[in-house]
Amino acid sequence: MRDTVERVLADLIAHLDVDFAHLRRIDREWKATVLVAEWPRRSAPDPDPLSVVYFDQAYSPFHAVENVSEPMITCADSYFGQQVTSAVVPLMRDGESIGVLSFVKHGDWVWSQQEVGVLRVIASLLVELQRRVDAETRAEYLSTHDKLTGLPNEHALLDFMGRRLRSSRPGPVAVLCVSLDGLKLINHHRGRQAGDQVLCNAAGRLEEQLEDDDMVARIGGDQFVIVPKKAMDPYTAELLACRIQQVLTGRTILDDGTTSCGVSVGVAVGVLGEDAADVLRQADLALRAAKTQDGNGVAVYTDTICMRFELEDDIALNLRSAVSDDSLVLHYQPEVDLRTGRVLAVEALVRWQHPTRGLLLPDTFIGVAEASNLADELGDWVIRAACAQLSDWHRRGLASDVVLRINTSPMQLINPNFVDRVARALQLHGIAGDSVCLEITENVAVQDLNRTDLTLRALKSLGVQIALDDFGTGYNTLTHLQALPVDIVKIDRSFVKYLDDNPHNRAIVESIITLARDFELAVVGEGVETTAAAHTLLTLGCHRAQGFLIARPLPAEEVETHLNTMRIRLDLDEPPMLGRPRAHRYR
């Protein structure tokens, strides 16, 4: 603005035939007058004593203009005995002077009313110019700063990061994404005003901990980003992250008490020339990793983290369409009688034929389905597809005495329409209820024991069997068997896998088998991978089993080979292995 105003002052000096002109701003907060522009420019020392002049400063030459509201003409003797005439025109806005436009001429000079009027008009134009500058400055500030905390926002952050990554200053450049874990809970229980206090307190603590040239920004919600100005390697950045975490986990004083939040920090380090958005994304991925274990962690970005979350994001974006576009498939794992090899049941296991990643196992996408509220829809698809397959087998004279086992998600159990959906699937495909066994995990069953009990009893009224899967990994096992209408318990594979090699596992399995017998329940050993484990199950009185030693999960057309003969040849003649069992080749 100074150069433009100087050109205006030069034109006015030539037009009015005066010797000197200047424009000064009045700063009410500082109680001072600040030089904006002058013409001609003085040869002033550095610092210029006239750049900022406080009104209470002794012998202040500008004290008279603090409250001036009308044009003021003064005459005074100069240092050389020559008269100096000054004209001061206030810049009035909203009834208050925001600055003064001054002209100086050596010698006696009389200002005409017309000249004073012209100066008033010019002063008004300068006021409007200042109003526009203030509005643009305010708009620019709002576009680059967070309204609540006053910190720079994401736009300003990326601009800073871009300049830092392109600068000649040494690298690497560290970026820390900081999240206040539990802020949503505070907003919910204490009110949004309390949450805002926590955010402002955190912003103040961060500014206190960082150096003046460091960038700290709030990019929305509960998240802050820190970019230290100096170079920082991953180890040093992680140490800073731990220090920031300690600083922010302190208690915050609110209007109605105190509170505290956990803090998670993700760290990424960019090299000079790297794209700012890419480095920020890496820090955000590291933050996701830090929050994985219930939050309050610190994680540094690695390629492994990148691949993990790229897979999760890919699954989250495409899983919903997979349910309806025939890219989901079912494989079936047989369950046999270890004494005869007779096929007793097949367990339907969902797979996803991903267009670019190949065949994905359920462990890859079930967690994402549950997190994105797709587990219910996915589970319904499995029931419909499995019942359709069993109906097809029955039509072709296969699997007449084989039970179809289907895993059930927690979301399905709490859905009030779940039992009706199962009933419709059975009716649609003409399947008897006792041909189907729904499997629920022990931990899921106890999340809402009363509701689970009502759902299971309604399913039992359809003739459907109920299996308690992953048995032995939960708590109050005896209580669950007493409370829930189950038909079968499936011993968790973690106990069966090293059954012959671990006395503790053997004792647990033996207890489960005895418990099931006492409750007149069938018992199945899962995860049988060695002949030693199979022999031990037989010795303990468990005859039903499934696992890679018997057969791996197979597509429908391949499992039909076993359904045709209703037998799977088992080579269990070799004695139990000594030491740790060897993993099966199909694992």
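Computed from a predicted structure; not experimentally measured.
The pair D3-R41 meets the salt-bridge criterion, since a charged nitrogen lies less than 4.0 angstrom from a carboxylate oxygen. A salt bridge is defined here as a Lys NZ or Arg NE, NH1 or NH2 lying under 4.0 Å from an Asp or Glu carboxylate O, and R320 with E377 meets this definition. Taking a cutoff of 4.0 Å between a charged side-chain nitrogen and a carboxylate oxygen, R132 and E128 do not qualify as a salt bridge. The pair D214-R164 fails the salt-bridge criterion, with no side-chain N (NZ, NE, NH1 or NH2) lying under 4.0 Å from an Asp/Glu carboxylate O. Taking the charged nitrogens against the carboxylate oxygens, D56 and K31 have no contact shorter than 4.0 Å, which rules out a salt bridge. E70 has a carboxylate O that lies under 4.0 Å from a charged side-chain N of R120, or vice versa, which qualifies the two as a salt bridge.
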side-chain hydrogen bond (donor to acceptor under 3.5 Å, both in side chains) between N415 and D376, intermediate numbers included: CA-CA 8 Å; N415 190 317; D376 189 26; 2.6 Å; yes
Criterion side-chain hydrogen bond (donor to acceptor under 3.5 Å, both in side chains) on R218 and T149, from CA distance to verdict: CA-CA 8 Å; R218 181 185 176 217; T149 63; 5.3 Å; no
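Counting all heavy atoms, side chain and backbone alike, A202 lies closest to L180 at CB-CD1, 4.0 Å. In this structure, G297 and A290 approach most closely via the heavy-atom pair O-CB, 3.5 Å.
Defined by atom type and a distance below 3.5 Å, a donor-acceptor pair is present between the side-chain atoms of Q130 and D134. Using modelled atom types and a 3.5 Å distance limit, the side chains of H354 and N318 yield no donor-acceptor pair. Side chains of D181 and S264: a donor-acceptor N/O pair is present below 3.5 angstrom, by distance only. With no hydrogens or angles considered, no side-chain donor-acceptor pair links S143 and R138 at under 3.5 Å.
Annotation: R351, atom CZ; neighbour count of heavy atoms from other residues, nucleotides and ligands within 6.0 Å is above 12. Crowding of Q57 atom CD: a count of heavy atoms from other residues, nucleotides or ligands under 6.0 Å exceeding 12.
Every residue two or more places apart in sequence or in another chain that forms a salt bridge (Lys or Arg N to Asp or Glu O under 4.0 Å) with R2 is listed here: E6. Contacts of T236 classified as side-chain contact (heavy atoms from CB on, under 4.5 Å), with partners at least two apart in sequence or in another chain: M232, D233. In terms of the side-chain hydrogen bond (donor to acceptor under 3.5 Å, both in side chains) criterion, residue partners of R25 (sequence neighbours excluded) are, by chain and number, D27.
Every pair passing ring pair (Phe, Tyr, Trp, His ring centres under 6.0 Å) that includes a residue from residues 143-171 is listed here, sequence neighbours excluded: Y141-H145. Under the salt bridge (Lys or Arg N to Asp or Glu O under 4.0 Å) criterion, the residue pairs touching residues 184-210 are R190-D256, with sequence neighbours excluded. Judged as a ring pair (Phe, Tyr, Trp, His ring centres under 6.0 Å), not a single pair has a partner in residues 242-272 (not counting sequence neighbours).
Using modelled atom types, one side-chain atom of N296 and one backbone atom of V263 make a donor-acceptor pair closer than 3.5 Å. A side-chain donor-acceptor contact under 3.5 Å links E38 to the backbone of R42. Using modelled atom types, no side-chain atom of N417 and backbone atom of D420 make a donor-acceptor pair closer than 3.5 Å.
With rounding to the nearest 0.5 Å, the separation of CE in M161 from CG in D278 is 9.0 Å.
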